[in-house]
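Take a look at the structure set out below.
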Amino acid sequence: MDEGTLKMEWAMKHMPILKTIENRLRKEKPFKRVRISIALHLEAKTANLAYILHEGGANVAITGSNPLTTQDDVAMALSKRGVIVSAKYGETEKEYWENYNKILDINPHIIIDDGGDLVSLVHTKRKELLKDIVGCCEETTTGVIRDKALEKEGRLKFPVVAVNNGQCKYLFDNRYGTGQSTWDGIIRTTNMNIAGKNVVIAGYGWVGKGVAMRAKGLGARVSVTEVNPIKAIEAYMDGFTVLPMKDACEIGEIFITCTANTNVIDARYFELLRDGAVLANAGHFNVEIKMDELEKIAVNKKEVRKNITEYRLNNKNKIYVLGEGRLVNLACADGHPIEIMDLSFALQALSVEYILKNKGKLENKVYDVPREVDLQVAETMLDSYGIKIDKLTKKQVDYLTKSH
């Protein structure tokens, strides 16, 4: 059996929620004659999502949402299962956009997006597709921000379900998933000891919380930089040092950006970094560490280990960037743990079903995941793990829902 198929099967063994959904979709075929275009990090867990949508009757086309995260063996295995695949590892920017356009050539009814590039493309250069698009499911914070901006400007042409905002997504995927997999990428790539290191986390949202929690567990001395005063208080009360990035540059040995914003570490800070500083990005796009500005001021650049690039500056200090400043957990490792993505991709599958069931009823705006979908995923997970919980009595329900 080929390596890609083995990866998919191993992942599915640890995705009991998605397996439960697959069994129902295969019988009911709710996506019959539905065309779905997907842009996600194309590895084994994602491939399983695409495959179960295909098994539910859909015509599915998929590409990778990052040039360094597609696993070619998985892409090949998925294509053998009837899914249209247009992706490869290490694609150029031109190939990236060509592949996005190829998956849109099926004239989709549903889009599953990761970061907002697919939605942006159909709103700009592929407007002829808008008339048939019923809705979109967005996987990431970055994409939700971009979609909400379109909504605010009155330019969003179809409803979007912010899968990223589902409780079964952000409470687990962003915190436990990114928290663990970011360190997986850093440790695999550098082979460095983390205990005792001064680690700087830029941003204390759910991703930053998860990365900081794991850093603390590994024995690091953790500092947090923030622009939001409430999140800064959270970080402080969670036991972390809070300081501006300028001050963090004096002490930081490992920097991890977790903001979903641009220019977090840029020309203002590069020459302030101590010699040997390691920079990694846990945000979706490679804009948090401004690589173009670093390229301009570096006097020398070389790859010193796979996925580690050394930049020597005028002050003779050396900075090490992991995975070209791209999403470190996927550029340098295998992404989130399987069980975490089981939750997230179950939300994706059920959100696609929700959009189709409510065709014509939803406005062109960004919606949170329906509560009943979140609860269904959570209950299925508990059942699959043999975990039982209490239920409210009628008296308790009345107490919570009636005035006293």
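When reading the values below, keep in mind they use all heavy atoms of this one structure, side chains included, and skip hydrogens, waters and symmetry mates. If you read the sequence from its start, that first residue is 1, and numbering goes on from there.
Ring centroid separation for the pair H123 and F158 comes in under the 6.0 Å cut-off.
A donor atom on one side chain and an acceptor atom on the other are found under 3.5 Å apart for E288 and T259. If you check the side chains of E138 and T140, you find a donor sitting under 3.5 Å from an acceptor. Of the N and O atoms on the side chains of E43 and T46, at least one donor lies less than 3.5 Å from an acceptor on the other residue.
Between the side chain of S351 and the backbone N or O of Q348 there is no donor-acceptor pair closer than 3.5 Å.
One finds no salt bridge joining K7 and E9 here, because no Lys/Arg side-chain nitrogen approaches an Asp/Glu carboxylate oxygen to under 4.0 Å. With respect to E151 and K148, no salt bridge is recorded, no charged nitrogen being found less than 4.0 Å from a carboxylate O. Taking 4.0 Å as the cut-off between side-chain N and carboxylate O, D334 and R188 count as a salt-bridged pair. Under a 4.0 Å N-O distance rule, the pair R312/E310 does not qualify as a salt bridge. The residues D105 and R126 are annotated as salt-bridged, a charged nitrogen and a carboxylate oxygen being separated by less than 4.0 angstrom. Ion pairing between K394 and D398 holds under the 4.0 Å rule for side-chain N and carboxylate O. Note on R146 versus D117: salt bridge recorded, some NZ/NE/NH1/NH2 to OD/OE distance being below 4.0 Å.
Annotation: the span from H336 atom NE2 to D342 atom CG amounts to 13.5 Å, rounded to 0.5 Å. To the nearest 0.5 Å, atom CZ of residue R35 and atom CD1 of residue I111 are 12.0 Å apart. Going from atom CD1 of I389 over to atom CG of D383 covers 9.0 Å, rounded to the nearest 0.5 Å. Here CG of L343 is found 8.5 Å from CG of D173. Values are rounded to the nearest 0.5 Å.
When all heavy atoms of G335 and K45 are compared, the pair lying nearest together is C-NZ, 4.4 Å. In plain terms, the two heavy atoms of C332 and N307 that are nearest each other are SG-CB, 3.8 Å. Listed here is the closest heavy atom pair of F31 and L25: CE1-CD1, 3.8 Å.
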*asked:* Let's go through K231 and E234 carefully: what are the C-alpha distance in whole Å and the side-chain angles of both, what is the deciding distance for salt bridge (charged side-chain N to carboxylate O under 4.0 Å, His left out) to 0.1 Å, and is it a yes or a no?
replied: CA-CA 5 Å; K231 290 179 180 178; E234 276 192 280; over 6 Å; no
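The aromatic rings of Y176 and F172 sit parallel, their planes meeting at an angle under 30°, below the 60° perpendicular limit.
Heavy-atom contacts from other residues, nucleotides or ligands closer than 6.0 Å to CD of E128 number more than 12. More than 12 heavy atoms of other residues, nucleotides or ligands sit less than 6.0 Å from atom NZ of K29.
A cation-pi geometry, defined here as NZ or CZ lying under 6.0 Å from the six-membered ring centre and within 45° of its normal, holds between K209 and W206.
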